[in-house]
2 protein chains.
Amino acid sequence: MRPTVHDIAERAGVSLATVDRVLNDRPGVRAVTRAKVEAAIAALGYVRDVAAANLAKGRVYPLVFIVPAGENPFMRGLEAEIRHAGRHSAAERTRLSVVTVPAFDAAALAAAIDAAAASDDTAGIAAVAVDAPEVAAAIARAREAGIPVVTLVSDLAASGRDHFVGVDNVAAGRTAGSLMGRFLGGRPGPVAVLAGSMRVRDHRDRLEGFLAAMAAMPVARQVLPVLEGQDDPAVSRRLIAGLLAATPDLAGIYSLGAGNGGLVAALSGRSDICVIAHELTADTRAALETGVIDAVLNQDAGHEVRSAARVLRAKADGLPVVAAQERIRIDIFIRENLPPAAEEDERSGAGLYQGD
Amino acid sequence: MRPTVHDIAERAGVSLATVDRVLNDRPGVRAVTRAKVEAAIAALGYVRDVAAANLAKGRVYPLVFIVPAGENPFMRGLEAEIRHAGRHSAAERTRLSVVTVPAFDAAALAAAIDAAAASDDTAGIAAVAVDAPEVAAAIARAREAGIPVVTLVSDLAASGRDHFVGVDNVAAGRTAGSLMGRFLGGRPGPVAVLAGSMRVRDHRDRLEGFLAAMAAMPVARQVLPVLEGQDDPAVSRRLIAGLLAATPDLAGIYSLGAGNGGLVAALSGRSDICVIAHELTADTRAALETGVIDAVLNQDAGHEVRSAARVLRAKADGLPVVAAQERIRIDIFIRENLPPAAEEDERSGAGLYQGD
DNA sequence: AACTTTCTGATTTACGTACATCAAAAAATC
DNA sequence: GATTTTTTGATGTACGTAAATCAGAAAGTT
């Protein structure tokens, strides 16, 4: 059986109260006594029963997630994951809530952060950041009020946030470029890039990585000027249609933002162009299956949500974060390793695999 | 605040004991009363505090993991993950232990299963199966004794095991074939397959998927007869060296088993051949970085261990398993999305990402 | 009506930890 | 040596649930 505080007390020859003082480092213990207790802890290999401890503490961690509103399927999947995690977060004594704000609206986001920070029972904030000074200021205010803040999916390093939960977008772009280059092989023709907006940090990062990888390929290849679809399916569709008309020898398209529904519609079944997109959603999944999209790079929203919750709790408790453990992986999906669509049990997400 | 059993009792107008009887469905409750209590549970949205319940139950689940001994880096990584999970499994009231048996030794594996089942405090067994009747018989015996059994990594469906924790190896082979075909494009030359042994189920499955995917490619390509390296680096090295000498126009190699150290050594820095291998280990990681290996398909040992533990606990409690949630994903790694090597904190694995 | 059987209530103990209180002992200070 | 300060012990309550006991009420059976 696992040793308990009682065992430590007995072994160290002290009382339970003293053990408690050492464990939760409360004052009033002599150095020698503390050493004795710590020796006993080490000797017995004692580990605190977190479940019992949390039960006794009765503490809960109300965490607020702020995500952009709108039709962006990835964001809706993210929201679904938050709600899903919220329903199963009882054991971790964590309470998750979701706030949506208009996409790309820095003022609204800043206001939402301020509101969350103003609430007396907010233990932490996770926000999909918009790259703007007022957002950075709001995050700084929250942190000054003692509330930990993490950025989610899209970073804002200048804000002084406690942590960023998301993928390395430069690496993601490099991965896309490498795959594009290998898939195309010696085939001639230029490559196009469809982004949401160059004002968004993660899109800029992905482009940078993609260009670097393309440049490093043995075969030089022309990359056309970036198209900005505003993450909007209708705009994207128009842009891609124009591109196809103007560039008959187009070899590939890298879609580094959202709005892939429009991209797929514009391609209307053409599988001769090598297409690489981001985020596994209903649109991209279907296009992978039909061969219109060749590869999808994905960040697992479920992992991100759980990582954000873990980090915020650790910060709230003043505990260190194991960075290596919180790294979000860049998943590559092709048709053959596509996970089966989930049976839509209780979440409305894109049907991603949910690990643990 | 979350509702507790007391709230339910009050709301339903019954005593705490009755609520307890309903919750843990013990006998001695009239149908009408039960309905009242269940209505109160639904109305208040009560969810059992698992931490408190486990604390009260005091029950622990001693689970035995049986894995092959030897130098196979994936298996050693698996073992490291089990030990790692064991150190952090306190919260789940689970106790993990590892037993190693000689690789491919059916008799030894069967004996280990019998021994684990004979122990009075074994709540479940997870075993990397060898495809042999005596193993199937041992698993059947354990299950008759009321001990749940899951197969890990390599399945043995005929044994009647409760569950299989591992990837879809046919799909893995198809993925490899598809990537190989796309990476090679129009480049001519035959492709070789290096397996461990055709007597092992997962290797047969991978080969099947690979051949199917290659056959489905637009460009027909010759696949040379399978080489069997016994998962042994020295044997593999010899076989590959011979292959290279005999086949100057070789275009690609699919290594579907272990022993990749020998493969890499035989290739000695050649990056003109397209190589796809399985499992991210120190060997394959290094080869990915130098360009000798082009892609690695991976099954996350950490996920598998945690999934196995969850499934065994559920089975031990007679609870249903959410199959969709326990599916193990096939990860694709190329140089650009390689996760950074872990800082070897306390595990000796291959430095894989550890999610949650 | 007396009886058995089945249900329900009230109460208690336990799980392992956190946290508070008060008294007692030990150490340090004057 | 008397006093203050610091350290330690003893004890109790709480968290939310599980599980057991025993008494009492309700239902069903003769």
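Chain letters run A, B, ... following the sequence lines, proteins first, then strands; residues in each count from 1. Since we're looking at a predicted model, the values are computed, not measured.
Put simply, CZ on B:R48 is 9 Å from C1' on D:dA18, counting in whole angstrom units. Nucleotide D:dG9 holds its P atom 13 Å from the CG atom of A:D20, rounded to whole Å. Put simply, CG on A:L23 is 10 Å from C1' on C:dA18, counting in whole angstrom units. The CG-C1' distance, from B:N54 to C:dA14, rounds to 15 Å in whole Å. Atom CG in B:D49 sits about 6 Å away from atom C1' in D:dG16, given to the nearest Å. Summarising the geometry, the separation between NE2 on B:H6 and P on D:dT17 is reported as 8 Å, rounded to the nearest angstrom. Per the geometry, NZ belonging to A:K57 stands 16 Å off C1' belonging to D:dG16, to the nearest Å. In this entry the distance linking CZ of A:R21 with C1' of C:dA20 reads 10 Å, nearest Å.
A distance of 10.0 Å separates CZ in A:R30 from OG1 in A:T18, rounded to the nearest 0.5 Å.
Proximity of residues 8-17 of chain B to DNA chain C (heavy atom under 4.0 angstrom from any strand atom) is restricted to B:G13, B:V14, B:S15, B:A17.
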Strictly under 3.5 Å: I want the nitrogen or oxygen pairs between protein and nucleotides 25-30 of chain C, one per line.
none

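For B:R26, the side-chain atoms get nearest to D:dA19 when compared with the rest of D:dA19, C:dC19, C:dC15. The A:A52 side chain lies nearest to C:dT17 when the options are D:dA18, D:dG16, C:dT17.
Taking the side chain as every heavy atom from C-beta outward, A:V150 and A:R161 never approach each other to under 4.5 Å. Put simply, the side chain of A:S307 reaches to within 4.5 Å of the side chain of A:I328, judged on heavy atoms. Looking at heavy atoms from C-beta onward, A:R143 lies in side-chain contact with A:D162 at the 4.5 angstrom threshold. A heavy-atom distance below 4.5 Å is found between the side chains of B:L23 and B:R48.
Mapping A:P27 and B:P3 onto DNA chain D by nearest heavy atom places A:P27 closer to the 5' end of the strand.
Within the 4.0 Å cut-off from OP1 or OP2 of C:dG9, at least one side-chain nitrogen or oxygen of B:T18 is found.
Under the salt bridge (Lys or Arg N to Asp or Glu O under 4.0 Å) criterion, B:R21 pairs with no residue, sequence neighbours left out.
Base engagement by B:G28 is indicated by at least one non-hydrogen atom pair under 4.0 Å involving a base atom.
Classification of A:R2 and A:D7 as a salt-bridged pair fails, no side-chain N sitting under 4.0 Å from a carboxylate O. Using a 4.0 Å cut-off between charged nitrogen and carboxylate oxygen, A:R76 and A:E79 count as a salt-bridge pair.
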(request) Determine, step by step, whether B:N298 and B:R329 satisfy the side chain to side chain donor-acceptor pair (under 3.5 Å) criterion, reporting the C-alpha distance in whole Å, the side-chain angles of both residues, the deciding distance to 0.1 Å, and the verdict. (result) CA-CA 8 Å; B:N298 186 66; B:R329 201 151 71 176; over 6 Å; no

